[in-house]
Amino acid sequence: MSPMTTQSTSRAADLEAISRLVATVEHSQQAKDPEEFLGLFHPDAIWTTAHGKVLVGRDAISEFTREVLPASNWDGRVTYEVAHVLFIRPDVAAVKVRQRYLALGEESEGAPLYVISKQDDGRWLLTACQNTVVVT
């Protein structure tokens with residue numbers, strides 16, 4: 001196998017893993033499951049909520065998520081779609097996501113940006129993330 005073929009095969013595998021990561025975010029939000037969601041974070045991650053609350057480290061993210069996610073009052077469906085991936089390095093990617101909350105008669109949208117990092121074991125983890133509400 002040529003180096004170019006190996007590189008494109010590796011990139012395709014990374015893109016698939018990134019899509020699975022975003023799908024797991026979607027599943028954890030739909031199920032309002034903080035444990036599944038928190039398992040996606042790097043221990044030193046930074047998370048900024050859609051309303052500007054800055055959470056530094058998995059402990060702070062955990063405290064906030066365990067309080068807010070199970071008690072969230074939206075009723076409907078949430079979808080997360082990978083809109084764009086920019087590989088900054090082979091082990092770091094910026095992932096633009098289209099987030100939609102769909103409920104009977106209403107819809108809202110978010111535009112999160114996830115900077116994710118590939119770990120030594122091959123897993124991609126959320127590392128520096130900004131969730132942004134789209135104002136129409």
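Each residue takes its place number in the sequence, starting with 1.
Shown here are the salt bridge (charged side-chain N to carboxylate O under 4.0 Å, His left out) partners of D121, two or more places apart in sequence or in another chain: R123. Remark: D91 pairs with R89 by the salt bridge (charged side-chain N to carboxylate O under 4.0 Å, His left out) rule, at least two apart or across chains. In this structure, Y114 has no side-chain hydrogen bond (donor to acceptor under 3.5 Å, both in side chains) partners at least two apart in sequence or on a different chain. Looking at residues two or more places apart in sequence or on another chain, you find a side-chain hydrogen bond (donor to acceptor under 3.5 Å, both in side chains) between E36 and H27.
Formation of a donor-acceptor pair under 3.5 Å by the K32 side chain with backbone atoms of A71 is not found in this model. At distances below 3.5 Å, at least one donor-acceptor pair connects side-chain atoms of E26 with backbone N or O atoms of Y80. In this structure a side-chain-to-backbone donor-acceptor pair under 3.5 Å is missing from K118 to P90.
In the hydrophobic cluster analysis, where Ile, Leu, Val, Met, Phe, Trp and Tyr join through side-chain heavy atoms closer than 4.5 angstrom, L21 is grouped apart from V115. Connection of I88 to I18 is not established within any shared hydrophobic cluster, with ILVMFWY side chains joined at heavy-atom distances below 4.5 Å, either directly or through further cluster members. Follow the hydrophobic side-chain contacts under 4.5 Å out from L38 and you reach L40 in the same cluster. The same ILVMFWY cluster, assembled from side-chain heavy atoms under 4.5 Å apart, contains both V68 and F37.
Here the straight-line distance linking atom OG of S72 with atom OH of Y101 works out to 7.5 Å at 0.5 Å rounding. Going from atom CD1 of I116 over to atom CH2 of W124 covers 5.0 Å, rounded to the nearest 0.5 Å. How far CG of L69 is from OG of S28: 6.5 Å, rounded to the nearest 0.5 Å.
Of all the heavy atoms in A94 and L113, the pair that sits closest is CB-CD1, 4.2 Å. Pairing each heavy atom of R98 with each of A83, the nearest pair is N-CB, 4.5 Å.
Between L55 and I46, the closest side-chain pair of non-hydrogen atoms is not below 4.5 Å.
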For L86 and H84, run side chain to side chain contact (heavy atoms under 4.5 Å, CB included): C-alpha distance rounded to whole Å, both residues' side-chain angles, the deciding distance at 0.1 Å, then the answer. CA-CA 7 Å; L86 169 66; H84 184 76; 4.2 Å; yes
What verdict does the side chain to side chain contact (heavy atoms under 4.5 Å, CB included) test give for V97 and V95, after you've listed the backbone C-alpha separation in whole Å, the side-chain angles of each residue and the deciding distance to 0.1 Å? CA-CA 6 Å; V97 174; V95 182; 4.0 Å; yes
Can you check side chain to side chain contact (heavy atoms under 4.5 Å, CB included) on L15 and V85, steps first, answer last? CA-CA 8 Å; L15 287 168; V85 176; 4.0 Å; yes
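Sorted by first then second residue, the side chain to side chain donor-acceptor pair (under 3.5 Å) pairs that include residues 46-68, not counting sequence neighbours, are E35-R66.
For the pairing with R100, the salt bridge (Lys or Arg N to Asp or Glu O under 4.0 Å) check across E109, E81, E107, E106 returns one residue only, E107.
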Please table the atom pairs, donor to acceptor, closer than 3.5 Å between any side-chain atom in residues 126-134 and protein atoms at least two apart or in another chain.
residue, atom, partner, partner atom, Å
T127, OG1, S117, N, 3.4
T127, OG1, S117, OG, 2.7
T127, OG1, L125, O, 3.1

